[in-house]
2 protein chains.
Amino acid sequence: MPWLSQSSTNEVINRICDKIWLAVVQRTLRPGARLKEEELTEIFATTRARVRQALLILEQDGLVTITPNRGACIAEPSVEDAHDAFSARLAIEQRLVSRLCQTASAEDIRLLRDHIDQERKAHERGDNEAMIRLSGEFHMLIAKLSGAGLLLKILRMLTIRTSLITAMYQTQATQTCGPDEHDRILAAIEARDAQSASHEMAHHLHHLETALRLSDTPIPVSGLHEALATNLRKRPS
Amino acid sequence: MPWLSQSSTNEVINRICDKIWLAVVQRTLRPGARLKEEELTEIFATTRARVRQALLILEQDGLVTITPNRGACIAEPSVEDAHDAFSARLAIEQRLVSRLCQTASAEDIRLLRDHIDQERKAHERGDNEAMIRLSGEFHMLIAKLSGAGLLLKILRMLTIRTSLITAMYQTQATQTCGPDEHDRILAAIEARDAQSASHEMAHHLHHLETALRLSDTPIPVSGLHEALATNLRKRPS
DNA sequence: GTCAGCGTATTTGTCGACAATCAGAGCCCC
DNA sequence: GGGGCTCTGATTGTCGACAAATACGCTGAC
């Protein structure tokens with residue numbers, strides 16, 4: 001269940017957005033890579049209008065940059081952008097967990113625990129794709145459970161951006177947060193300790209950010225085309 | 001200088017978005033009003049594709065809701081949506097002013113003061129349109145000066161929503177915050193008192209929210225068409 | 001008199017073709 | 001030999017027409 005691109009009602013467009021996002025976080029599509037409309041059209045076996053809509057959505061999400069008459073590229077967020085994104089996430093997510101501490105039902109807690117279990121399983125079997133998805137989804141789940149539709153939407157945007165940033169600036173170390181820190185956040189929520197939960201969240205995000213090498217810009221080179229094609233072979237139709 | 005819709009590069013689309021937003025906050029276009037594509041096409045003397053793009057942007061901003069095969073209407077945010085929006089603004093803007101307390105230069109302060117002066121002048125001469133614009137812009141200016149591009153983008157989204165909410169739920173009293181509360185926020189920033197600034201911002205937003213009658217839903221009826229036409233006559237081409 | 005079913009008319013969604021724009025190679029002039 | 005210009009190829013932006021879907025009104029039966 002892709003948690004991205006709930007924007008569009010059209011299934012094809014959602015698939016395009018999702019595949020591109022996946023290719024980016026898996027580093028098969030590098031920042032700066034050009035995304036020619038015609039090319040995407042034949043890869044996804046659709047029309048150019050659809051591809052265009054998808055690119056527009058991805059631009060809104062900050063995953064690609066569109067320059068007029070020049071087309072779309074995978075975005076290249078600067079170090080400053082990276083700090084911005086994490087800073088914004090901090091503001092949003094601290095508030096979310098604090099709120100959730102007051103409102104969480106037993107059912108909510110169970111859902112979060114189940115989710116972390118899934119994360120752990122994916123982690124154990126080394127399923128990278130699932131890990132990436134689930135790590136993001138955990139934060140989204142918190143937003144959803146806290147009942148704030150708008151903050152969920154905002155967080156979704158921010159999560160996409162930090163995904164890109166992580167893919168761009170990560171060291172060779174883990175590119176996703178392990179389940180343990182999520183666990184500690186959940187524990188704080190379960191204990192209804194808003195201050196602790198807020199603190200754990202801050203720690204978690206700080207950890208994510210400092211795991212990157214944001215000092216030197218690694219000047220990423222652009223890959224192309226086969227990235228998406230490979231992804232498609234995994235799920236042919 | 002419309003601070004909305006920097007999304008698109010196309011001037012026509014920006015104009016459409018801006019006019020519709022203006023019509024909404026001035027209550028000449030009521031929530032629930034249908035926005036037929038053909039109609040907008042002839043009003044703005046453009047093509048349907050352009051109108052469509054504009055509507056897509058406005059949907060992203062939360063100003064209109066698009067239901068598939070049914071077209072676009074001015075959004076009708078629920079009371080819950082309203083609380084969401086103000087809550088999100090609180091989270092964002094408290095952080096923004098706190099940051100600005102540390103980073104504000106003399107030039108920044110001067111810009112803010114000039115802005116408040118403009119607000120006051122507009123207030124004195126009873127220029128409602130200018131008041132609406134400037135009130136929103138003040139908050140955007142804080143975001144811009146604090147140097148966080150992403151938070152600016154988010155705040156822009158939230159400001160548009162709260163504008164709609166204000167237009168929808170306002171009592172007959174003032175629909176914009178007077179310049180005085182802005183003044184107090186600025187004073188706190190100038191004094192480098194982050195806690196006080198944060199507090200003043202919270203007070204200000206709380207004031208805005210409680211000025212609405214969010215208990216009973218006033219079931220707004222939809223106006224139509226002449227709203228935009230009237231606006232156009234003001235600025236013919 | 002009321003309700004179901006159908007046909008039409010209006011509105012949105014989609015597509016293919018054309019026009020505008022830009023990058024780059026090749027050529028000419030200096 | 002180097003720099004600037006133009007022409008060409010490729011790519012994006014735009015438009016108008018067609019197809020699909022929905023809402024509304026009409027007819028007819030019960």
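As the structure is a prediction and not an experimental result, all values here were calculated from the model. Residue numbers start from 1 in every chain, and the chains themselves are labelled A, B, ... in the order their sequence lines are given, proteins ahead of strands.
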Check your understanding: What pairs with A:K121 under side chain to side chain contact (heavy atoms under 4.5 Å, CB included), at least two apart in sequence or on another chain?
Key ->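 Applying side chain to side chain contact (heavy atoms under 4.5 Å, CB included) to A:K121 gives A:R125.
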**Study point:** Pairing residues for B:H83 by the side chain to side chain contact (heavy atoms under 4.5 Å, CB included) criterion, not counting sequence neighbours
**Key:**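 Counting only residues at least two positions away or on another chain, B:H83 forms a side chain to side chain contact (heavy atoms under 4.5 Å, CB included) with B:V79, B:E209, B:L214.
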Exercise for review: State which residues pass side-chain hydrogen bond (donor to acceptor under 3.5 Å, both in side chains) with B:R48; sequence neighbours excluded, sorted by chain then number.
Suggested key: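 B:R48: side-chain hydrogen bond (donor to acceptor under 3.5 Å, both in side chains) contacts with B:E37.
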Review point. Can you list the residues that meet the side-chain hydrogen bond (donor to acceptor under 3.5 Å, both in side chains) rule with A:S146, with sequence neighbours excluded?
Key: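 Listed in chain order: nothing, the list is empty.
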Check your understanding: What residues form a salt bridge (Lys or Arg N to Asp or Glu O under 4.0 Å) with A:R95, not counting sequence neighbours?
Key ->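 None.
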Review point. Nucleotide by nucleotide, 5' to 3', does protein get under 4.0 Å of the base (B), only the sugar-phosphate (S), or neither (-) in nucleotides 11-21 of chain D, counting heavy atoms?
Key: SBBBSS----S
